[in-house]
Amino acid sequence: AERAAASIVAPVWTFQPWWVLLCPDGVHLADCVVQWTELQPSADTFLPGIIGSGVQWAGLQFSEADPLEMQLRADMLLAVSGTREASTMRGYGRVFLRYKAFCQGREPPRVPVPADPVTVAMYLQYIANAARTFSVVKTASAMVFTAHDLALVPADQNPTSHRLVAAVRKAAHRRLGDRRLRRKDPLEYAFVLQGSRCWLMLGGVTRQMFATLGMAMWTGFWRYDCAEKIRLKDIKFCETHMTTFLEKRKTDKYRYGQLVEVARAAEGQQLCPVEVCQRWVDVQIARGLQPDGPLFQQVDGRQFHRDPSADCLTGSRLDYPQLRRYLFRMLGDGSGLDPEALRQLYGTQSLRSGGATAVAAADQVSDFEFNQFGGWSSSAAAATYKATKLDRRLAVSRSMPHAQQSADVERPLSVQEQQDLGDRELLGSELAAVQLRPAEGQTAL
């Protein structure tokens, strides 16, 4: 109807649902396709992240006549891109496209890589003028550094280390650094316990899964990216604790993996997180989940809306929006508060920070044990997850002279002090009565 014309590059994926739009009968192309060309595959046809966004290895000589050299060149490109996390490279790729468009829009156009310091400084200033937080400028600067690093530009020639670029970055930090979004409060254990108990009593597979997640993320210091990757075979149960193998963690850049142990609840506790997790594993085994299957799965929202007690799991990994939505719905049902209001105060990281705050307040483990359990690389990084309670924050101020009890002011006695004073007065009256009682043969005055 719009009579629009476009050129698209599409892989020949005949099993995809959109393929019928291009080839309805599986043999002939649709009438809307005017002309087509089959692209010959090459070593760098598809490259991940910012490598595929225009960054070239300038100055390196490869023989196109030697198939092995071209294959090794492609392997090296992929290997170098693998030095960063895949999600990081995808994010940098989007930022690089905007940076490239900025450079091409100048008159005359500027070269994005390798770029001169003036180009990078102007781009960072352009970003800072419209930014609300410094993180946007920081990400842009990190993208430029990574783009030049992957292009094998020497470290001393990377434009992000130039004094002009550093000055622009520092000025943006001073201006935008204080405009931080409100950090979410940590969730207390009683609050999570209340919500989990509520959904466990209401029943249903979906409710049981989120009740298990709430308990496990709080006691295990899990992030979302830890929870969504846990498979059935990654969790083991012992007599005193459960062990969860986290194959990948944010700070585990060499992918060694980490074991996280959570102790069973003490006698008399209302709910044991280990028993809750064990019951959920039993449910997944009864459902036929394979050892490599995700322990926490995506929910069919429409089915859950119709029948919350039904089995609404789809089998795929749980995504972040669903975790956030149903988690706060559970906390709202347990506390009687509005879930939308809870989202303004808390986030999914509030489970992790809540557990960290409780452990820090107990002061029963060393910094090394604390950082190792939470996967923090330093005490400074772990400190951002600790929220000191009000009475401890007031301890410094209460030790000052203005908060000390004055000797001239008669303070009220405590219950114990009043009882001790009453005992002393009673003892004194008995002693006085003994002294005033005349001895035998004497006359009282």
Side-chain angles (χ1 to χ4, degrees), residues 49-50 53-54 84-106 110 112-113 115-149 158-187 223-225 250-251 319-325 327-328 338-354 356-357 376-378 380-388:
I50 58 179
S53 300
R84 271 77 171 179
E85 180 67 30
S87 59
T88 302
M89 294 294 289
R90 287 193 297 269
Y92 283 171
R94 293 188 291 268
V95 179
F96 183 83
L97 291 177
R98 293 192 289 270
Y99 167 64
K100 184 178 179 181
F102 172 84
C103 294
Q104 293 176 346
R106 308 283 63 78
R110 291 181 172 267
V113 178
D116 60 89
V118 175
T119 301
V120 178
M122 286 194 304
Y123 179 68
L124 294 185
Q125 186 62 55
Y126 172 76
I127 294 296
N129 290 343
R132 295 180 57 191
T133 61
F134 176 69
S135 61
V136 181
V137 182
K138 183 179 179 181
T139 300
S141 178
M143 176 276 301
V144 174
F145 173 84
T146 303
H148 286 76
D149 186 44
N158 198 306
T160 56
S161 60
H162 193 272
R163 294 183 61 183
L164 175 61
V165 178
V168 172
R169 194 167 51 237
K170 184 177 180 179
H173 193 189
R174 288 180 61 87
R175 182 169 65 87
L176 301 172
D178 293 334
R179 299 183 184 180
R180 297 177 181 176
L181 299 177
R182 184 181 182 279
R183 185 181 293 275
K184 302 297 184 180
D185 295 333
L187 276 166
R223 297 182 180 90
Y224 158 73
D225 61 347
K250 184 178 180 181
T251 55
D319 63 19
Y320 180 78
Q322 277 207 349
L323 170 65
R324 181 177 171 83
R325 183 186 313 119
L327 177 66
F328 287 104
D338 181 19
E340 190 60 36
L342 292 176
R343 292 190 189 98
Q344 303 300 322
L345 298 175
Y346 307 106
T348 56
Q349 286 284 80
S350 298
L351 295 166
R352 178 173 165 85
S353 62
T357 299
W376 290 293
S377 57
S378 65
T384 61
Y385 287 85
K386 302 176 185 178
T388 310

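Worth knowing before you read on, the calculation uses all heavy atoms, side chains too, and leaves out hydrogens, waters and symmetry mates. The structure presented is a predicted model; accordingly, all values stated were derived computationally and were not measured. In what follows, residues are counted from 1 in the order of the sequence shown.
Taking each heavy atom of Tyr346 and Asp185 in turn, the nearest pair found is CD2-O, 3.2 Å. What you find for Val120 and Ala115 is that their closest heavy atoms are CG2-CB, 4.0 Å. For the residue pair Thr348 and Leu323, the shortest heavy atom distance occurs at CG2-CD2, 4.1 Å. A pairwise comparison of heavy atoms in Tyr123 and Val95 identifies OH-O, 3.9 Å as the closest pair. Closest non-hydrogen pair, Ala131 versus Val136, comes out as CB-CB, 4.3 Å. Among all heavy-atom pairs drawn from Lys100 and Pro112, the shortest one is CG-CG, 4.4 Å.
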Working note: His148 + Val113, criterion side-chain contact (heavy atoms from CB on, under 4.5 Å); need CA distance, chi angles, decisive distance, verdict.
CA-CA 6 Å; His148 286 76; Val113 178; 4.0 Å; yes
Evaluate the side-chain contact (heavy atoms from CB on, under 4.5 Å) criterion for residues Leu327 and Leu351: first the C-alpha distance (whole Å), next the side-chain angles of each, then the deciding distance (0.1 Å), finally the verdict.
CA-CA 10 Å; Leu327 177 66; Leu351 295 166; 3.6 Å; yes
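A distance of 7.0 Å separates CG in Leu187 from OG in Ser353, rounded to the nearest 0.5 Å. Atoms CE and CG, on Met143 and Leu97 in that order, are 9.5 Å from each other to the nearest 0.5 Å. To the nearest 0.5 angstrom, Leu124 atom CG is 8.0 Å from Ile127 atom CD1. Note that CZ of Phe134 and OG of Ser141 are 7.5 Å apart. Values are rounded to the nearest 0.5 Å. Here CZ of Arg352 is found 15.5 Å from OH of Tyr224. Values are rounded to the nearest 0.5 Å. Annotation: the span from Tyr92 atom OH to Phe145 atom CZ amounts to 9.5 Å, rounded to 0.5 Å.
Ser350 contributes a side-chain N or O that, together with a main-chain N or O of Gly347, makes up a donor-acceptor pair within less than 3.5 Å. For the pair His173 (side chain) and Val137 (backbone), a donor-acceptor distance under 3.5 Å is absent. The backbone N or O of Ala140 sits nowhere less than 3.5 Å from a side-chain atom of Tyr99 that would complete a donor-acceptor pair. Listed for the Lys184 side chain is a donor-acceptor partner under 3.5 Å among the backbone atoms of Arg343. Listed for the Asp319 side chain is a donor-acceptor partner under 3.5 Å among the backbone atoms of Gln322. Within the 3.5 Å criterion, the main-chain N or O of Thr160 finds a donor-acceptor partner in the side chain of Arg169.
For the pair Arg106 and Phe102, the cation sits on the ring face: its NZ or CZ lies under 6.0 Å from the ring centre, inside 45° of the axis.
Side-chain contact annotation: Asp149 with Thr146, donor-acceptor N/O pair under 3.5 Å absent.
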